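Shown next, in structure tokens, is the structure this report addresses.
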Amino acid sequence: MPDSTSIHTLELLPVPAGYFERHPTGKPHVPTLEAYERMHKESIENPARFFGNWANKLLQWDVPFDSARLPELPVNDFKNGEIPSWFVGGKLNACYNAVDRHAMKTPDKVAIIWEPDNVNEAGKKITYGELLAQVCRFSQVLVKCGVKRGDTVAVYLPMIPEALVALLAIVRIGAVHSVVFAGFSSVSLGERINDSNSKLVITADAFSRGGRIVHTKAIVDEALQQAPQVAHVVVVERIGQTDSPITMVPGRDLYWHEETAKYNPYYPITSMNASDPLFLLYTSGSTGKPKGIQHLTAGYLLGVALALTCTFDFQPKTDVMFCAADIGWVMGHTFVMYAPLVLGGTTVVYEGTPNYPDCSRYWDIIDRHQVTHFSTAPTALRLLKLAGPSFIDGYKLSSLRILSCAGEPIAPEIWHWFNDTVGRGKCHLLDTYWATEAGSHLVVPFAGVTPTKAGSAGKGFFGIDLAVLDPRTGKEITELPARGALCIRSAWPLMTTGIYQDYARFKKTYLEDYPGFYVTGDGVYRDVDGYYWVLGRTDDVVNVSGHRLSTAEIESVLIQQDLVADTAVVGFPDELTGQAVAAYVVLRDVERLLNENAVKSELVQAIRKEIGPFAAPKLFLFVEELPKTRSGKLMRRILRKVLVGEEDQLGDISTLANENSVKGIIKAVKGRR
Ligand code: ATP
Ligand code: MG
């Protein structure tokens, strides 16, 4: 049975020589490929020793842990759905690790560089010393409002420094944050406030994103009609009454600036157990109802600090991290806030979008702030590539050393554009595969050492023992190459330990499909060099006459065609071939549709040539936009369900950024039926 392998036979690209020209010490934290392999082996074989050493090196403990892992060695971790305990007996505080210890040593070092949405508004730089004072003041506001250790606080804020101050203050007093992306509707917000049992909400009056005003306070007011248990709302005045009048409910609503002004710039930390929850965060909801993922204090902090140190080779003294993700997603939690601050580095917090006022915004931020590490999602890269060279050519981009992306498979075409046009031969581009549940990298190349392949995330991160299982038999496939379900054999310190208040759903989602393994839910191809290519969800594999095709692979051919702006491929039942391929296509130039047949034949030709005739779509559906979640992920199940006439069973689509796109999809499919 021939397997399509076209994109998976790409050559290994060495670390660009120019990478080391820009390296402050010339020596990455993980110095060689052999060192990575040795360390990875140790992390799997003796996790207690490996992670115990790093936990002592990277974190400051109030009380040292007695054992780094119980049981010490991995023994069928997932067989009975039992997960080991990490850093037992240890106590620490996340805010102390991210702020206090740096404020004491280097109070004048810049912790946060803030870039507002509006280019004409002045940004801000906040030092570690200032950050500590702001966090302490706000901690006291929380205490005054009755927030106690273990309580959950909902945060519905734009990308402003107060968002970071709020999260740090919450964990300083031992409470748990639950950030909801400030773009969700009042219904979605209300559901998440209730699901997480939050008694306090922190928001802004309103803010501007991409030039459009979002009335956050009004949305909170509406959401709270479903959540009457919320006792207080703290409001950051981001825009001011004149531009956006808001209603303050007496007794319930408080202004951030008025309350923080009442308190001293120091307040003590609450020392937490290693396994106390740090935060809750809802997944993107690509596959169904969003899950409230719970992360624990020590494991999460260690994992993110280790990822930034080892995989991104971050040098805290000199490097500047710009992760263009919202704090509402795990990437924002990890790489906008926790990882750079725990290491004592500088992080850029950007309020806006990649294309406002135009598509040069990221490049301008990078040049002005001498950013060394730039991280974004393939969806933004597609947009920026499409904008054309005039938006980027004039920028130097000479401070950059590490480029990275995450969130969905990156087509080789986009990878090369990122590498060549942004990286210019001087950056190491790392495609990183992870998920909200993982907290940080699962599959990732290591900066300065791992040769890359355009579109592959490389090999396992420390502690991640990857396995490919045959989805039909559940048996592990040990040969190379292999294609199947991506699973993990034993526990790692920063994995989630639960879906909030729903342990049964946690077990069902991650531990039951293949007993003894943690199930990522993604399909994968492991090539002859042992590199992993994440193909998308396990159900994103289409089986046409026995040929197992990855939808990502067909999409990657389509996106390379000049006339295609965006595309999504799904399978649908076919009497003759079992399944057939349908390609939803957004054309760059809609005029081309006047000659639909010519367009189709051009696309079919490309797929025949690159993959093979069996992969050619049976159905082309031309649409204006694809349904994407607010974190930029394609909601593929909509495309699939509409195709089989189940448009009345789409499930929870509240996380969609563009609900109108669904109408376009239904129209396009109906036109074909
Ligand atoms: P839900 O779990 O609610 O369906 P979600 O899985 O989309 O939502 P996230 O945790 O934000 O929510 O996303 C993780 C998923 O994103 C991964 O399971 C994978 O499918 C995809 N992903 C992340 N990074 C990559 C990458 N580098 N390459 C390919 N896919 C990726
Ligand atoms: Mg998921």
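Count residues from 1 along the sequence. As the structure lists them, so they are numbered: ligands from 1, and atoms in each ligand from 1. Every value quoted in this text rests on a predicted model; they were computed, and no experiment measured them.
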Tell me whether the centres of the aromatic rings in Phe374 and Phe322 are closer together than 6.0 Å. yes
Relative to atom 26 (C) of ligand 1, which among Glu408, Glu437, Lys633 owns the nearest non-hydrogen atom? Glu408
Determine the interplanar angle of the His373 and Phe314 rings, folded into 0 to 90°, and report it as parallel if under 30°, tilted if 30 to 60°, perpendicular if over 60°. perpendicular
Would you check if there is a donor-acceptor pair between the side chains of Tyr19 and Asp313 at a distance under 3.5 Å? yes
Test side chain to side chain contact (heavy atoms under 4.5 Å, CB included) applied to Leu639 and Thr551, Val570, Val569, the passing residue: Val570
In terms of atom number and element, which parts of ligand 1 are under 4.0 angstrom from non-hydrogen atoms of Ala435? 10 (O), 14 (C)
Which of the numbered atoms in ligand 1 are below 4.0 angstrom from a heavy atom of Thr436? 9 (P), 10 (O), 11 (O)
For atom 4 (O) of ligand 1, the closest protein heavy atom turns out to be Thr287 OG1, 2.4 Å
Could you find the nearest protein heavy atom to atom 29 (C) of ligand 1 and give me its residue, atom name and distance? Pro409 N, 3.1 Å
Heavy-atom proximity to atom 24 (N) of ligand 1 ranks first, among Gly521, Gly407, Gly632, for Gly407
Would you mind telling me if ligand 1 is within reach of the side chain of Asp431, the backbone, both or neither, using heavy atoms under 4.0 Å? side chain
Is any side-chain heavy atom of Tyr36 closer than 4.5 Å to one of Lys459? yes
List the closest protein heavy-atom neighbour of atom 7 (O) of ligand 1: residue, atom name, distance to the nearest 0.1 Å. Ser286 OG, 2.5 Å
Can the ring centroids of His295 and His333 be said to lie less than 6.0 angstrom from one another? no
When distances are taken from atom 6 (O) of ligand 1, the protein heavy atom at minimum range is Arg537 NH1, 3.0 Å
Once you measure the plane-to-plane angle for Phe184 and Phe181, does it fall in the parallel (<30°), tilted (30-60°) or perpendicular (>60°) bin? perpendicular
Ligand 1 contact on Ala457 by region, counting heavy-atom pairs under 4.0 Å: neither
Checking contacts here: is it the side chain or the backbone of Trp329 that comes within 4.0 Å of ligand 1, counting heavy atoms only? Could be both or neither. neither
As an exercise, identify every atom of ligand 1 less than 4.0 angstrom from a heavy atom of Lys291. 1 (P), 2 (O), 3 (O)
For the rings on Tyr518 and Trp492, is their centre-to-centre separation under 6.0 Å? yes
Show the atoms of ligand 1 that are less than 4.0 angstrom away from any heavy atom in Asp522. 17 (C), 18 (O), 19 (C), 20 (O)
Name the closest protein heavy atom to atom 11 (O) of ligand 1, giving the residue it belongs to and the distance to 0.1 Å. Ser284 OG, 2.7 Å
Does His441 have its ring centroid less than 6.0 Å away from the ring centroid of Phe446? no
Numbering the atoms of ligand 1 from 1, which are under 4.0 Å from a heavy atom of Val534? 29 (C), 30 (N)
Quick check on the 6.0 Å ring-centre criterion: do Tyr338 and Tyr300 meet it? yes
